[in-house]
Amino acid sequence: MQQHIIASSSTNSRLRARDLTAEEIAEIEHELTLYPTKQAVGLEALKIVQRHQGWVSDESMLAIADYLSVPVSELEGVATFFNLIYRRPVGDKVILFCDSVSCWIMGCDKVKKRLSEHLGIDYGETSAGGEYTLIPVPCLGDCDKAPVMMVGEEMHRYLSSETIDSLLPLRNVGGSK
Amino acid sequence: MAKITVDGVVYEVDPANNLLQECLSQGLDLPYFCWHPSLGSVGACRQCAVIQYRDAEDTQGTLVMSCMTPITDGGIYSLAAEQASDFRADVIESLMTSHPHDCPVCEEGGECHLQDMTQMSGHNYRRFDKQKVTHRNQNLGPFINHEMNRCITCYRCVRFYDDYAGGTDLSAQASHHHTYFGRFEEGTLESEFSGNLVEVCPTGVFTDKPFSAQYTRKWDLQTAPSICNGCSVGCNITPGERYGTLRRVVNRYHNDINGYFLCDRGRFGAHYVNSESRLRSARDATGMSVSTTAVEARINEFASEGVIGIGSPRASNEANFALRSFVGAENYFSGHSDAEHEALQVLTECLRDAAFHSPSVRQIEQADAILVLGEDVTNTAPRVALALRQSVRNAAKSLAETSRIPSWQDAAVRELAQDSMSPLSVFACGSTRLDDIATTKLNAGQITLIEAGNALAERLSGRSPIYSDQTLGTTMQCVEATYTALMSAKKPLIICGTGAGAALMRCAANIARSLSVSRSQVCDLVLLPKEDNSVGHALLTSNENTLSCALGKLTKGEIKRAIVIENDLFERAPTALVKDAFAAAELVVIDQIETPTQRFAALTIPSATFNECAATKVNYEGRAQLSFQIGEGSDAAKPIERWLDVEGSAYSNSMIARCAAEVSDFERLSECLPDPLGRIAGLKVPRQSHRYSGRTAMHADRNVHEGKQPVDDNSVMSFSMEGMLTQKDSSVLATAWAPRWNSNQAISKFQAEINGELKQGHPGVHLLKRSLKGLAYDAENSINKSPGEYEIRLVSHIFGSDTLSSHSPAIQKRLCEAYLALNREDALELGLANGDLVSLGGAEGGIILPLIVRTQTPAGVALVYPGSSALGAHINPHDVPEYASLARVEFEPSAHSTGLGLSNLVVNDAYSGAR
Amino acid sequence: MTDRPLTKNIDLSRGALSLKDYEAAGGYAGARAIAGGLEPSDVLERVKDSGLKGRGGAGFPTGLKWSFVPKSDDATIQRYLVVNADEMEPGTFKDRMLMEGDPHLLIEGMIIAAYTIQASRAFIFLRGEYFDAERSIAKAIAEARDSGYLGRDIFGTGFDFDIVLHTSAGRYICGEETALLNALEGKRANPRAKPPFPQVSGLWGKPTIVNNVETLCNLPGILAYGVEWYQSLGSGGDFGTKLFGVSGRVNTPGCWELPFGVSIREVIEGHGGGMQKGYTLKAFLPGGGSTDFLTPEHLDTPLTYGAIGDLGSRLATGTMILLDDKTCPVGMIGNLMKFFAHESCGFCTPCRDGLPWVDTIFRDLESGKGSFKDIDILKDHVGYLGPGRTFCALAPGATAPLGSGLRLFADEFAAHVSGAKCPYH
Ligand SMILES: Cc1cc2nc3c(=O)[nH]c(=O)nc-3n(C[C@H](O)[C@H](O)[C@H](O)COP(=O)(O)O)c2cc1C
Ligand code: SF4
Ligand code: FES
């Protein structure tokens, strides 16, 4: 049983930390061997938990903060600084859609429009069945193959409105063609 | 000293500082936000830009941030250059883009640094016509309002709260122009220094919640210099009144004591003066009110024969002295508990001892190795705890020095030094709020602490130790580590207090003496008493005249009458003893607030609170300081000396002079008074600002007659706008204001240099001369513990353990009820869990307390927090046995339960495991 | 010897080069040169002599940077090497190729750099979205560790060295080397004040060198083939090769290793295959999103730090972004401004509060709600956000395309206001 000391950061907390899973703990423990301070593992731990849980809930935040003995408010400062730490639930897969300059020149706006129609969601939204969350991302560093996007961990390149439909199995229930 | 040229004028400046600080020291108007005189520079806001020229030939110059620019001898700069002033105007325009147009309803309005800087930077017309960024606010508890839309992202709040004050629950979140400063979730800010956010924030994001509820603009507050009565540190404050009620307290800069910061007990505790518990009229034993004439007659009667006086550590020197004169020195008794009285004898002896020096708060910040022995500084003298957080940073600063990083480069110093800290040893019973910065922590019961103290003193004195690894075990490791740290320090410091008890104080003195001898230099020793005038009261009381002696005389009927001033004896002696004494005596009580003692009084008389009269008090250093009357006060609640009508009591000045003349330790007391010659043309100094509004209409609801302003015969200050606000004599600084500087940042205009002394400011006077050549105290250690018994240690809490502040409505929202704490193992062994009721066996009537598991409680020790007397249901700490067996009980604890619960408790080691 | 020391082994269709293949192609020869008895000071001299400049954007001489690490024989002082692999500058796609194609080249470069500054530990700060690079580097590190190239006493030099791969979570500011250090320490990635420089007080306050991936990949060649060979590559005052890239409406966009001094025309028209049919080149950013626009009249300029600098722009990352005649320049700049405003860390005022204003003005211009007053405000911001005014170089980077764009495309800007819509739509 994990002993639960009320760190001063959570004394007047309405929320309770969840228990980290054994896998999460093992991975965090591994990271702890690589860095000289616990604080340094904060972002790694957030990513680990996000990999397992899909996103980082308040309860997870408290759990990580407790585990690393860092104030949860400080961890929140880090979590909310980074674009790719999700503090709200996301779909099974996150679509990082590059809307930076090269992709824009190569017509990503049209692709995005098609993608949005296809999934029935705009930036920041999750498709009705919870499959996809669409998020814009700064330049993905694949500008010679623009427009590009990343679905999960997989890059999709040379996108066009036409390729979108074949790439993503999902159909917008809202019914667009 | 270095010479620099700024806009053609040559100045002599200190090369150790940055350009901004030196410009301000020279009285120049240069806008800034993120820089703070105590927090240093980070270069975030870009508001302090100036032009730096390579040499006299350079006409172009480069734009630099003055706060990030070290002084170079011969440097040439311009504040006025168009390039710089245009840029500063651009910056303020940027900062204002999302700032709301809410000055008329903003509490900061009229004392807003952002308003001042906007004007100074010349941003008048708004070009930004896009949508503003908005934020959600959080409820941050009873002290602080949160209005994030006003934020200009200067990062001062988190730099103060986290980096400076060690808070952990406020942080910068999100980023770019959505950057947000708040807690992880709504809830009370936990730091005991949260109130400083009000003053650190340059605009109205963090404002004073109790003040908001009865808001008045800064210029409409009647103010005067005052001294906090929250504890023995004696922080300088500026209370503000309107319509005869205290509205708020803000920091008043004192370079030796509080600097720019107060604790929350001081800032929010002062509101007790408006509370329901205030005594508003004299009354007899039946509660019937008594006329002033009748009161005076009764006091006259008392004067004629056999009466004793019991003084008080929360009454002023003048009040205590008046009582002493009234009853005669031989009939004047200590209002301290016997234990406190004994501890204060050690304290005052040490204040006279030439081997020691009692450092000011500022000097505490300079210590580079510290031992805190048994005193829970955060909860008894909070401002000192804040200073200790700065002293452990001296290691970082000296590291920076070797890497040639100036100490004002705040972020750079922290990045370089990471968590290297100067050694701080905390020898304490249970967790303390300084544990996070302690490099050595000895966590043990009183017996071990005394042993450790003795062992350390011996180790330092070079005598062969009577203790060894064998006898002390791991304790000895802490002793060794502390020994090494203290011996290798340049400025070692020993801290103890009366909360730790006389025995530990003697240990502390022995340690300091050994250090002093072995290094042949005076050693810094801080001994902290509990209350704001503990030292003053102790100096007026003879050693023999203990409280129990007084109670004994009454019980035995040797004397029939007693006057008790500003004291609740049920906090000073066991209930039974007090009751017996009161049963036998005729009692007159003079106090500001209602206390249980008054239930036994034939006559209860209201006395003036700190804001209603002038007074002097003596802090832990033996420094006497004067506080001025703020408002006109009322006839119902007079200062004690005036009730007693002793010679000279009509004027506080003459009372002070009499005290100085008649009590040898108080010889220098008159030096507390401002120099009447320092005033311009002999004019009085106004307590009201030149913008004070509505004076003639203030009482129009009661009387359309526009009366004369009351006259203050008692001081150099007037109860009006008339007179001369002096810029030079900051000893009568009603409030910090200077042309173009309406916020508290105006203080720089009154400092000889930034962070330096106030111009002609009055630092107070050290009353005692150090002439004594003291000897080491005998090592002592008595154990009366029977097997199976727990050692009971009383603990203090910043909110609740101080009598007066506990009556403040805001503070009351932070109180928790009395409890008993054990560690997990002991609780388990006794079959106890959080919330269970525990009886402290043996004690008559039985004391029953709810249990809270505090994991850091030493084995075999039970911590008892007796609760707050302000709530009526608390435990007389003197009824708590030193040792007791504990047992679980089942029945309702109605006697001690206030329904407050323990949820307000802010400690680092509460165990929240399932009940 | 080769004239493509960085990419000779790279064939992305094959995936990352394994340790075996890397060694078969002559890899780790540079590291072995160290084992042959080179002292750290010898390596430092060679790198200084080579004239290698940092490829992260600023072009600062690498040897000189290393020499600022305080000299001390005290081996107990921890020093760190940090690889800046955060590549997030819009239009920049060069480090990705190196890491995905030839990770051992980077590791070898790191060994050489670490040995020189005597850093026993290195961190690769990798952009979080680069999953392929993460996999290839992780595998390469494991291979190198298994072969004893990382760990204790590497190559029998008595020098211990190991690498930690840190993946970030998406923030452009983390590429700024001091913000990167804060991120590695687990803090918010606000940049740090300089001085003190990381060489003196860096990661956890210890002496630290931060180098770009491409910079480090130059080192094995320099050690294996010598300074003379290195200097024989390149011309116009810059030595060695550089990854140059083109994105936009060319026929064959891509990234190629070419010697310094090659002309812009050769890259765009030669390697890039020229503009696509129906598009003509209107202007281009020569080195990523933080550089000033150049125009077709500059096409014959040699690609060197000096020559591009003389034109008032910067070579920076060497990856060009082309603006064609059918694409709205206001839209393109607006796209960049949105990026910079979003990626501002929020620490200093001009960047945090100035860029969002700039960004909203572009949104208004695009939707026909802009005014001439807005354009004046944009111009004001070019100076206000410029070099020396902000805490770090992010905002000045944004002013490069903004300032040059306002000058070059004044008509287009005005047309957005007077026509109350984007003329390209
Ligand atoms: C906002 C900003 C982003 C940057 N991003 C990167 C980056 O992604 N990769 C990189 O190598 N350098 C980046 N730099 C430059 C680095 O600060 C630093 O100069 C570089 O890593 C030094 O390496 P070098 O000397 O090998 O070029 C960035 C600079 C700024 C101001
Ligand atoms: S210019 Fe300022 S706000 Fe912008 S990224 Fe740099 S430090 Fe942060
Ligand atoms: S005061 Fe100098 S940058 Fe803020």
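Everything numeric in this text was worked out from a predicted model, so none of it was measured. Scope of the values below: all heavy atoms of this structure, side chains included, with no hydrogens, waters or symmetry mates.
When Gly331(C), Cys174(C), Cys328(C) are compared by the number of non-hydrogen pairs under 4.5 Å with chain A, Gly331(C) comes out ahead. Heavy-atom pairs under 4.5 Å with chain A were tallied for Gly128(C), Gly334(C), Gly245(C), Ala189(C); the largest tally goes to Ala189(C). For the set Lys187(C), Met88(C), Arg249(C), the entry with the most heavy-atom pairs within less than 4.5 Å of chain A is Arg249(C). Highest contact tally toward chain A, considering only His166(C), Lys326(C), Glu87(C), Lys338(C), is held by His166(C) [criterion: heavy-atom pairs under 4.5 Å]. Between chain C and the residues Leu75(A), Val78(A), Val101(A), the most heavy-atom pairs under 4.5 angstrom are made by Val101(A).
Looking at Ile105(A), the atoms closer than 4.5 Å to chain C (heavy atoms on both sides) sit in the backbone and in the side chain alike. Proximity to chain C involves both the backbone and the side chain of Leu140(A), based on heavy atoms less than 4.5 angstrom apart. Of the atoms belonging to Leu322(C), it is backbone heavy atoms, and not side-chain ones, that fall under 4.5 Å from chain A. Neither the backbone nor the side chain of Val250(C) comes within less than 4.5 Å of any heavy atom in chain A. Using a 4.5 Å cut-off between heavy atoms, Met150(A) touches chain C through its side chain atoms alone. Residue contact with chain A, scored on non-hydrogen atoms closer than 4.5 Å, is absent for Tyr279(C). Of the two parts of Glu44(A), only the side chain, counted from C-beta on, holds a non-hydrogen atom closer than 4.5 Å to a non-hydrogen atom of chain C. Interface remark: Val137(A) contributes side-chain atoms only to the contact with chain C (heavy atom separation under 4.5 Å). Contact annotation for Glu185(C): only backbone heavy atoms (N, CA, C, O) come within less than 4.5 Å of a heavy atom of chain A. In this structure, the portion of Arg96(C) lying under 4.5 Å from any heavy atom of chain A is its side chain and not its backbone. Looking at Thr252(C), neither its backbone nor its side chain comes within 4.5 Å of chain A, counting heavy atoms on both sides. Only the side chain of Asp324(C) has a heavy atom closer than 4.5 Å to any heavy atom of chain A. For a residue to count as touching a neighbouring chain, one of its non-hydrogen atoms must lie under 4.5 Å from one of that chain's; by this rule Thr327(C) touches chain A with the side chain only. When heavy atoms are compared at a cutoff of 4.5 Å, Gln276(C) approaches chain A solely by way of its side chain, counted from C-beta outward. Only the side chain of Phe131(C) comes within contact range of chain A, judged by heavy atoms closer than 4.5 Å.
A pairwise comparison of heavy atoms in Tyr80(C) and Pro36(A) identifies OH-CG, 4.0 Å as the closest pair. Nearest heavy atom pair, residue Ser102(A) against residue Gly91(C), reads OG-CA, 3.6 Å. For Ser168(C) against Phe82(A), the heavy-atom pair with the smallest separation is OG-CE2, 3.7 Å. Here the closest non-hydrogen pair linking Phe81(A) and Asn190(C) is CE1-OD1, 3.9 Å.
Note that the CG atom of Asp142(A) and the CG atom of Asp132(C) stand 9.0 Å from one another [nearest 0.5 Å]. Taken to the nearest 0.5 Å, the OG1 atom of Thr319(C) stands 10.0 Å off from the CG atom of Asp144(A).
In this structure the side chain of Asn83(A) reaches within 4.5 angstrom of the side chain of His342(C), judged on heavy atoms. Taking the side chain as every heavy atom from C-beta outward, Cys139(A) and Glu89(C) never approach each other to under 4.5 Å. Counting heavy atoms from C-beta on, the side chains of Tyr172(C) and Pro138(A) never come closer than 4.5 Å. Contact annotation: the side chain of Trp204(C) approaches that of Tyr35(A) to within less than 4.5 Å [non-hydrogen atoms, C-beta and beyond].
A salt bridge links Arg135(C) with Glu153(A): the distance from a Lys NZ or Arg NE/NH1/NH2 to an Asp or Glu carboxylate oxygen falls below 4.0 Å.
At most 12 heavy atoms of other shown residues, nucleotides or ligands fall within 6.0 angstrom of atom NZ in Lys113(A).
Proximity of a side-chain donor or acceptor of Arg121(C) to a complementary backbone N or O of Leu34(A) within less than 3.5 Å is detected. Here the side chain of Lys145(A) pairs no donor or acceptor atom with the backbone of Gly254(C) at under 3.5 angstrom.
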Inset, instruction - Applying side-chain contact (heavy atoms from CB on, under 4.5 Å), run through Asp99(A) and Phe339(C) and close with a yes or a no. - result: CA-CA 9 Å; Asp99(A) 64 354; Phe339(C) 165 82; over 6 Å; no
